[in-house]
Amino acid sequence: MYHINAVDEVTQWQVVGAVPQISEAWLKPVLEAMLAQLPFRIRGFHSDNGSEFINYTVAKLLNKLLIEQTKSRPRHSNDNGLVEAKNGAVIRKHMGYDHIAAPHAAAVEAFYRETFNPYLNFHRPCGVPEEVVSAKGKVKRVYRWYATPWEILRQLPDLARHLKGDLTIHELERLSRLETDTAAAAGMQAAKEKLFTSFQRRRSA
């Protein structure tokens with residue numbers, strides 16, 4: 001199976017999905033579900049240069065949602081640097097590097113949607129870069145503030161105007177307070193262990 005990772009470049013809001021195969025037929029419904037999990041309206045969608053993203057069906061979906069699509073240049077991995085960093089620091093850290101068989105994709109997708117994504121966005125702090133210019137004019141990124149994507153989003157001016165549909169700041173705040181950060185992390189780890197155990201049971205069977 002394959003992990004699909006989407007990260008907002010402003011707030012670092014992250015939504016992860018899973019598909020059994022990289023193909024247009026499998027990707028479209030998962031992409032729709034992932035976009036629906038973002039609490040704000042999306043203005044642009046930047047993807048890598050893979051044909052599974054740059055195709056008519058995905059372009060039609062984004063046009064329907066009035067989302068502009070751009071793509072990375074060939075052999076320029078830094079064009080998607082934030083996502084590449086999250087692939088290692090988040091997905092590989094928690095899901096590992098081992099092969100996960102395609103039949104497990106639905107279970108992994110459910111874990112991401114119900115447990116992992118809420119944990120990432122409401123309870124896992126991210127480093128927020130700040131650009132500092134030295135006396136010689138060199139730009140350096142420093143990290144003085146660590147915050148969850150929700151805390152970063154909450155700081156944006158006129159936030160309510162950018163939220164989707166009937167979603168409110170109060171509702172997002174309520175979701176963030178359902179569990180403490182420690183309890184959310186423990187619950188996510190327990191759900192992940194249960195997921196990995198199901199892989200072993202299915203392999204044994």
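Hydrogens, waters and symmetry mates are skipped; everything else that's a heavy atom, side chains included, is used.
A centroid separation of 6.0 Å or more is found between the aromatic rings of His162 and Phe40.
Residue Gln189 qualifies as enclosed at atom CD: its count of foreign heavy atoms under 6.0 Å is above 12. The environment of Asp158 atom CG is dense: over 12 non-hydrogen atoms of other residues, nucleotides or ligands sit within 6.0 angstrom.
Distance alone, capped at 3.5 Å, places no donor-acceptor pair between the Arg154 side chain and the Ile169 backbone. Here the side chain of Glu171 pairs no donor or acceptor atom with the backbone of Thr168 at under 3.5 angstrom.
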side-chain contact (heavy atoms from CB on, under 4.5 Å) evaluation trace for Lys192 with Tyr119: CA-CA 12 Å; Lys192 184 174 67 176; Tyr119 161 73; over 6 Å; no
Run the side-chain contact (heavy atoms from CB on, under 4.5 Å) check on Leu35 and Val15 step by step: do they pass? CA-CA 8 Å; Leu35 293 176; Val15 178; over 6 Å; no
Could you please spell out the steps behind the side-chain contact (heavy atoms from CB on, under 4.5 Å) verdict for Thr148 and Phe122? CA-CA 6 Å; Thr148 65; Phe122 291 111; 5.9 Å; no
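Looking at Leu195 and Thr115, their side chains never come closer than 4.5 Å, going by heavy atoms from C-beta outward. Counting heavy atoms from C-beta outward, Val90 and Arg124 have side chains that approach closer than 4.5 Å. Looking only at side-chain heavy atoms (C-beta outward), Leu153 and Asp8 stay at 4.5 Å or farther from each other. You'll find the side chain of Met188 reaches within 4.5 Å of the side chain of His94, heavy atoms only. Looking at Met95 and Phe111, their side chains come closer than 4.5 Å, going by heavy atoms from C-beta outward. In this structure, Phe45 and Leu61 have side chains that are not in contact, with every pair of non-hydrogen atoms separated by 4.5 Å or more. With a 4.5 Å cut-off on side-chain heavy atoms, Lys86 and Gln12 count as touching. Side-chain contact between Tyr112 and Asn117 is present, with at least one heavy-atom pair separated by less than 4.5 Å.
In terms of heavy-atom proximity, Glu109 sits nearest to Val16 at OE1-O, 4.5 Å. Residue Pro118 comes nearest to Arg113 through the heavy atom pair CD-O, 3.6 Å, listed as atom of the first residue, atom of the second, then distance.
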